[in-house]
S.K.: 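To start, I am sharing the structure in question, which I have written as structure tokens.
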Amino acid sequence: MTVLSCSAITCAYNKDELCSKGDIKVGGSNAHEADQTCCESFIERKDGSMSDSTGSGCSTIGIDCVAESCVYNERRECVAGAINVGGNQACSSDETRCSTFRME
């Protein structure tokens, strides 16, 4: 599993810059740079959302990745040792990105 740091603090799954979802999906099948990727699992935090529920974030997580040209993508799975999902003011998944994305 990959170590995940997430700065998308507006996501309902974000718990102290860790993810409480358990696994995520990184989008950007035609990406050529990090800004063309996103966390498709992002859900904007609303009042009474998961951010107010019990549970904790995980430091390691399974990552399904469709960014086919990324060096860390092996058969649609991220094999990077660690990644960062960015988007500290995101309101939608399109405003997030996999900052670790690198072209082959």
S.K.: Hey, does Val66 have a side-chain heavy atom less than 4.5 Å from the side chain of Lys25?
M.R.: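 Yes; the side chains approach each other to less than 4.5 Å.
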S.K.: So, for Ser56 and Ser20, which heavy atoms are closest and what is the spacing to 0.1 Å?
M.R.: O-CB, 3.5 Å
S.K.: Provide the closest heavy-atom pair for Phe101 versus His32 in the form atom of the first, atom of the second, distance.
M.R.: CE2-C, 3.5 Å
S.K.: Identify which one of Val26, Ile24, Leu4 satisfies the side-chain contact (heavy atoms from CB on, under 4.5 Å) criterion when paired with Cys39.
M.R.: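 Running side-chain contact (heavy atoms from CB on, under 4.5 Å) over Val26, Ile24, Leu4 with Cys39 returns exactly one hit, Ile24.
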S.K.: Roughly how far, to the nearest 0.5 Å, is the CD1 atom of Ile43 from the SG atom of Cys11?
M.R.: 6.5 Å
S.K.: How would you list all residue pairs meeting salt bridge (Lys or Arg N to Asp or Glu O under 4.0 Å) that involve residues 86-104, not counting sequence neighbours?
M.R.: Asp35-Arg97
S.K.: What pair of heavy atoms forms the shortest contact from Ala34 to Ser99, and how long is it?
M.R.: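 Where Ala34 meets Ser99 most closely, the heavy atoms are CB-CA, 4.3 Å.
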S.K.: Which pair of heavy atoms, one from Ser69 and one from Ala31, lies closest together, and at what distance?
M.R.: OG-O, 2.6 Å
S.K.: State the CD-CG distance between Glu40 and Asp64, to the nearest 0.5 angstrom.
M.R.: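 Result: 8.5 Å between the selected atoms.
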S.K.: In a check of side-chain contact (heavy atoms from CB on, under 4.5 Å) between Cys6 and each of Ile61, Asn84, Asp16, Asn14, which one passes?
M.R.: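 Exactly one candidate clears the test, Asn14.
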S.K.: For Thr10 versus Gln89, what's the shortest heavy-atom pair and its separation?
M.R.: OG1-C, 4.1 Å
S.K.: Kindly write out the residues that satisfy side-chain contact (heavy atoms from CB on, under 4.5 Å) with Val79, not counting sequence neighbours, or none if the list is empty.
M.R.: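 Listed in chain order: Glu74.
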S.K.: If you round to the nearest 0.5 Å, how far is OG1 of Thr2 from OH of Tyr72?
M.R.: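 It comes to 10.5 Å.
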S.K.: First locate atom CE of Met1, then atom CD of Glu77, and finally report the distance between them rounded to the nearest 0.5 Å.
M.R.: 8.5 Å
S.K.: Any non-hydrogen side-chain atom of Leu18 less than 4.5 Å from a side-chain atom of Cys58?
M.R.: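 Leu18 vs Cys58: side chains apart.
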S.K.: Over all heavy atoms of both residues, which pair between Thr100 and Ala82 is shortest? Give the atoms and the distance, please.
M.R.: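 Result for this residue pair: CG2-O, 3.6 Å.
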